[in-house]
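What follows is one structure encoded as structure tokens, with my remarks underneath.
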Amino acid sequence: MRYVRFLAAFVVYTVIDVGWNVSPVARGMYERLYDASGNDVLLDEFGREMGTWGGAEMLALLAFLALIALANSYLAIEPAVQERNLTKAMKNSFVLGCAAYATYIVPIFLMLSTWPAVLVPVDILIGGLLSLITSTIVTYVTLRRAAT
């Protein structure tokens, strides 16, 4: 069953992460933040349009999605299922997601002098929320199925 929960975490995280990143809300927010910071060319210089992605980009994305699903499974979902404690999954996954996203956004902010500072807490919170949603859904469904 652990493998099923890992696969469920992978699917749930992938759906909500991709859904968030292509949503008009997220795209508009990021565009406004870059424009307001005077960095309207930042994404043109450093960004890669999805239409130009090749095998390396897809492998990198799959590695990230697999690792974040594995971390959610190992550090949040499985301990919560063992203790039958949904709150444990929620707390652990939020901390995990915040830490995971902080490990990429803080170095980017420190390396690129033109990176919008407001994106640091925004991206950290988004990472926490994506993991929180993933682990909450998978743990809730698992605990409900075990109760029946």
Side-chain angles (χ1 to χ4, degrees), residues 1-34 39-83 85-112 114-146:
M1 285 305 292
R2 287 182 179 179
Y3 298 112
V4 172
R5 289 189 289 269
F6 162 72
L7 289 173
F10 180 86
V11 170
V12 170
Y13 195 93
T14 299
V15 168
I16 62 173
D17 186 46
V18 170
W20 164 252
N21 282 297
V22 301
S23 73
V25 172
R27 294 175 69 86
M29 178 190 72
Y30 286 115
E31 285 178 22
R32 284 189 300 280
L33 288 172
Y34 287 116
N39 294 309
D40 52 345
V41 296
L42 186 62
L43 290 179
D44 290 337
E45 293 176 11
F46 292 100
R48 295 180 183 171
E49 291 291 326
M50 285 183 69
T52 66
W53 286 12
E57 289 83 4
M58 290 306 293
L59 283 175
L61 178 60
L62 287 173
F64 167 74
L65 293 169
L67 285 170
I68 200 77
L70 180 64
N72 271 292
S73 294
Y74 185 74
L75 299 172
I77 296 166
E78 293 307 323
V81 168
Q82 288 176 0
E83 293 180 22
N85 184 343
L86 181 62
T87 303
K88 183 174 192 107
M90 296 169 76
K91 289 178 182 178
N92 288 359
S93 62
F94 184 74
V95 171
L96 165 69
C98 287
Y101 277 57
T103 60
Y104 90 87
I105 195 65
V106 171
I108 289 173
F109 174 68
L110 295 174
M111 289 182 345
L112 300 175
T114 57
W115 195 265
V118 71
L119 275 180
V120 174
V122 167
D123 275 349
I124 290 171
L125 282 174
I126 288 169
L129 291 172
L130 294 176
S131 283
L132 171 72
I133 293 166
T134 298
S135 291
T136 300
I137 289 171
V138 175
T139 304
Y140 177 80
V141 169
T142 300
L143 293 176
R144 292 284 292 175
R145 292 188 72 189

- Message: With rounding to the nearest 0.5 angstrom, report the SG to CG distance, Cys98 to Leu129.
- Response: 7.5 Å

- When rounded to the nearest 0.5 Å, the distance separating CZ of Phe109 from CG of Asp123 is 12.5 Å

- Task: Name all pairs fulfilling the salt bridge (charged side-chain N to carboxylate O under 4.0 Å, His left out) condition that reach into residues 66-83, sequence neighbours left out, sorted by first residue then second.
- Result: Arg2-Glu78, Arg5-Glu78, Glu83-Lys88

- Could you note down all residue pairs passing salt bridge (charged side-chain N to carboxylate O under 4.0 Å, His left out) where residues 93-106 supplies at least one of them, sequence neighbours left out? none

- Message: Rounded to the nearest 0.5 Å, what separates atom CD1 in Ile77 from atom OG in Ser93?
- Response: 8.0 Å

- Query: Crowded around Tyr140 OH? As in, over 12 foreign heavy atoms under 6.0 Å?
  - Reply: no

- Message: If you compare all heavy atoms of Val118 against all heavy atoms of Val122, which two are closest, and at what distance to 0.1 Å?
- Response: O-CG2, 3.2 Å

- Query: Should Leu132 and Lys91 count as side-chain neighbours, where that means a heavy-atom distance under 4.5 Å?
  - Reply: no

Result block: side-chain N/O donor-acceptor pairs under 3.5 angstrom for residues 58-73, not counting sequence neighbours:
| residue | atom | partner | partner atom | Å |
| --- | --- | --- | --- | --- |
| Asn72 | OD1 | Ser135 | OG | 2.8 |
| Asn72 | ND2 | Ile68 | O | 3.0 |
| Asn72 | ND2 | Ser131 | OG | 3.3 |
| Ser73 | OG | Ala69 | O | 2.9 |

- Query: Considering all heavy atoms of both residues, which atom of Ile105 and which atom of Ile124 are nearest to each other, and what is their separation?
  - Reply: CG2-CG1, 3.8 Å

- Which pair of heavy atoms, one from Ala9 and one from Thr134, lies closest together, and at what distance? O-CG2, 3.5 Å

- Check side-chain hydrogen bond (donor to acceptor under 3.5 Å, both in side chains) between Tyr74 and all other residues, then give those that pass, not counting sequence neighbours. none

- Query: Listed by chain and number, what are the side-chain contact (heavy atoms from CB on, under 4.5 Å) partners of Thr103, not counting sequence neighbours?
  - Reply: none

- Item | Nearest heavy atoms of Val106 and Val120, plus distance in Å | CG2-CG1, 4.1 Å

Side-chain polar contacts of residues 10-22 - donor-acceptor pairs under 3.5 angstrom, sequence neighbours left out - could you list them?
| residue | atom | partner | partner atom | Å |
| --- | --- | --- | --- | --- |
| Tyr13 | OH | Tyr101 | OH | 2.7 |
| Thr14 | OG1 | Phe10 | O | 2.7 |
| Asp17 | OD1 | Asn21 | ND2 | 3.0 |
| Asn21 | ND2 | Asp17 | O | 2.9 |

